[in-house]
Amino acid sequence: MSEFQTRVLELVSIVPRGKVTTYKELAWAAGRPRAYRAMANALAKNPCPIKIPCHRVVRSDGKIGGYKLGMRQKVKLLVAEGIEIKGGKVDLARYLFRY
DNA sequence: CCTGGGGCAGCCG
DNA sequence: ACGGCTGCCCCAG
């Protein structure tokens with residue numbers, strides 16, 4: 001597992017319940033501003049399920065984005081944490097976690 | 001609203 | 001080691 005990957009996982013895991021982060025922000029925090037795509041790819045292959053809450057990562061326009069286990073599950077998890085989703089989007093102004 | 005092109009770590013042959 | 005392909009994307013047009 002690379003430095004990059006562990007860094008990303010680490011960052012995702014510190015996002016508190018009820019908050020979300022975006023792929024872009026995450027890439028920034030990981031020190032690779034433009035590697036968002038590669039980063040998303042890393043999230044997809046990881047043991048996301050129980051270990052890392054990668055469902056707290058949404059797209060920078062507020063849309064949910066993809067999820068290895070299906071975005072149905074992703075939405076459920078988010079809602080369960082008290083995040084309201086309207087029009088298939090989350091209100092970043094309210095739920096975005098700033099590093 | 002949709003579209004295309006950019007960008008980059010990982011994985012595989 | 002080397003090149004090509006692939007994605008839980010982003011943004012300008």
Side-chain angles (χ1 to χ4, degrees):
Chain A
M1 184 149 284
S2 70
E3 169 83 34
F4 178 63
Q5 265 180 105
T6 48
R7 178 72 176 141
V8 170
L9 298 182
E10 196 174 281
L11 289 167
V12 174
S13 61
I14 66 174
V15 177
R17 261 183 73 86
K19 288 288 182 181
V20 298
T21 188
T22 66
Y23 293 99
K24 190 181 175 183
E25 289 265 327
L26 199 51
W28 251 105
R32 291 289 178 298
R34 287 156 291 181
Y36 36 71
R37 207 168 176 189
M39 191 241 4
N41 198 33
L43 287 179
K45 64 151 295 189
N46 277 299
C48 292
I50 56 275
K51 299 220 51 162
I52 295 83
C54 57
H55 58 275
R56 291 184 192 152
V57 186
V58 299
R59 302 190 357 181
S60 51
D61 59 1
K63 281 183 294 201
I64 305 305
Y67 192 52
K68 196 66 181 307
L69 309 178
M71 55 168 282
R72 312 274 290 287
Q73 189 62 35
K74 186 167 181 177
V75 173
K76 280 183 65 176
L77 290 167
L78 291 173
V79 173
E81 297 189 354
I83 296 173
E84 108 180 79
I85 298 175
K86 41 199 172 197
K89 297 175 56 174
V90 301
D91 183 355
L92 291 179
R94 180 155 52 176
Y95 300 111
L96 180 62
F97 169 70
R98 323 272 176 175
Y99 285 105

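Atoms considered below: every heavy atom in the structure, side chains included; atoms not considered: hydrogens, waters and symmetry mates.
The distance from atom CG of L26(A) to atom C1' of dC8(B) is 15 Å, rounded to the nearest whole Å. Here dC1(B) presents its P atom at 11 Å from CG of D61(A), a figure rounded to the nearest Å. Distance L9(A) CG to dA9(B) P: 16 Å, rounded to the nearest Å. The interatomic distance linking Y36(A) (OH) with dG5(B) (P) rounds to 15 Å, in whole Å. Remark: C1' of dA9(B) and CD of Q5(A) are 8 Å apart, rounded to the nearest angstrom. To the nearest angstrom, C1' of dC11(C) lies 17 Å from OH of Y23(A). Rounded to whole Å, atom P of dG7(C) lies 14 Å from atom NZ of K45(A).
For N41(A), the listed nucleotide lying nearest its side chain is dT6(C); candidates were dC11(B), dC8(B), dT6(C). Checking dC10(C), dC11(B), dG7(C) against the side-chain heavy atoms of A38(A) singles out dG7(C) as nearest. Ranking dC10(C), dC8(C), dC8(B) by closeness to the S60(A) side chain, first place goes to dC10(C). Checking dC8(C), dA9(B), dC11(B) against the side-chain heavy atoms of F4(A) singles out dA9(B) as nearest.
No side-chain donor-acceptor contact under 3.5 Å links Y23(A) to the backbone of G65(A). Under a 3.5 Å cut-off, the side chain of K74(A) and the backbone N or O of V57(A) do form a donor-acceptor pair. At least one donor-acceptor pair closer than 3.5 Å links the side chain of K89(A) to the backbone N or O of D61(A).
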Start with the C-alpha distance between R7(A) and R32(A), add both sets of side-chain angles, then the distance that settles side-chain contact (heavy atoms from CB on, under 4.5 Å), and finish with yes or no. CA-CA 11 Å; R7(A) 178 72 176 141; R32(A) 291 289 178 298; over 6 Å; no
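The partner of dA9(B) is dT6(C), by the rule that a Watson-Crick or G-U pair needs both atom distances under 3.5 Å.
Within the structure, a side-chain polar atom (N or O) of K24(A) is placed less than 4.0 Å from OP1 or OP2 of dC11(C).
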